[in-house]
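Heavy atoms only: backbone and side chains are in, while hydrogens, waters and symmetry mates are out. A quick note: this is a predicted structure, and the numbers were derived from the prediction, not measured.
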Amino acid sequence: MARAISPCIFCQIAGSSNSTPLLHSDDKVVAFKDINPSAFRHYLVVPVEHIPTVNDLQRRNEDYTLVSHMINVGETLLRRDAPQPNQYRFGFHQPPFNSVDHLHLHCFALPFIPRWKQLKYVFGTTWWVY
Ligand SMILES: [Zn+2]
Ligand SMILES: [Zn+2]
């Protein structure tokens with residue numbers, strides 16, 4: 001994507017020259033804490049590759065695998081810190097409500113911090129169910 005003027009913050013975090021402590025990194029995704037947590041636990045999982053929004057994903061195996069991997073990583077991290085899987089929530093932004101134009105999965109362990117606006121998010125992942 002040629003939006004070269006302002007470097008993408010998440011690409012920077014996923015790149016080698018970042019100061020954000022990573023909770024997880026592999027060749028596909030990195031994970032870190034949301035700087036502005038909205039719940040008891042709030043992590044972000046982002047693909048290393050720059051994918052702008054969920055609308056840029058396609059219903060093909062590669063993307064399906066990537067999203068499953070993002071959710072797996074998020075779940076593993078939550079499980080480390082929050083014992084109750086029924087309190088976990090995962091969501092992507094629904095365009096145009098993106099905070100950052102680089103696909104990222106929000107991973108929460110409830111409870112939400114009360115002022116939180118849940119409606120900004122798409123909960124569940126039905127968009128990629130065949
Ligand atoms: Zn990016
Ligand atoms: Zn976000």
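- Two different hydrophobic clusters hold Leu110 and Phe40 under the rule that ILVMFWY side chains link at heavy-atom gaps under 4.5 Å.
- Within the 4.5 Å cutoff, side-chain heavy atoms of His104 are placed close to those of His93.
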Next item on the list: Walk me through it: do Val46 and Val29 pass the test side-chain contact (heavy atoms from CB on, under 4.5 Å)?
Entry: CA-CA 6 Å; Val46 314; Val29 303; over 6 Å; no

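- Counting only residues at least two apart or in different chains, salt bridge (charged side-chain N to carboxylate O under 4.0 Å, His left out) contacts with residues 68-80 comprise Glu75-Arg79.
- When every heavy atom of Cys107 is checked against every heavy atom of Val45, the shortest pair comes out as SG-CG2, 3.8 Å.
- Taking each heavy atom of Val30 and Ser25 in turn, the nearest pair found is CG1-CB, 3.7 Å.
- The residue from Arg89, Arg41, Gln87 that alone fulfils the side-chain contact (heavy atoms from CB on, under 4.5 Å) condition with Phe108 is Arg89.
- Smallest separation of non-hydrogen atoms from Asn72 and Thr76: O-OG1, 2.7 Å.
- One distance of note links CG of Asp56 with CD1 of Ile51; it measures 8.0 Å at 0.5 Å rounding.
- His42 places a side-chain N or O within donor-acceptor distance of the main-chain N or O of Ser38, the cut-off being under 3.5 Å.
- Under the side-chain contact (heavy atoms from CB on, under 4.5 Å) rule, Val67 has a single partner from Thr65, Ile71, Asp63, which is Ile71.
- Heavy-atom minimum distance, Ala39 versus Ala109: CB-O, 3.5 Å.
- The side-chain heavy atoms of Asp27 and Val48, taken from C-beta on, include no pair separated by under 4.5 Å.
- Between His106 and Phe92, the ring center distance fails the sub-6.0 Å criterion.
- Leu57 places a side-chain heavy atom less than 4.5 Å from the side chain of Leu103.
- Here the closest heavy-atom approach between residue Pro37 and residue Ile113 is recorded as O-CD1, 3.3 Å.
- Between Phe32 and Phe10, the ring centre distance stays below 6.0 Å.
- Closest approach of Gly74 to Phe90, counting heavy atoms only: C-CE2, 4.0 Å.
- His50 and His102 have perpendicular rings, their planes meeting at more than 60° on a 0 to 90° scale where under 30° would count as parallel.
- Under the 4.5 Å side-chain criterion, counting only non-hydrogen atoms from C-beta, Lys33 is not in contact with Thr20.
- Atom CG of Leu105 sits about 8.5 Å away from atom CG of Leu44, to the nearest 0.5 Å.
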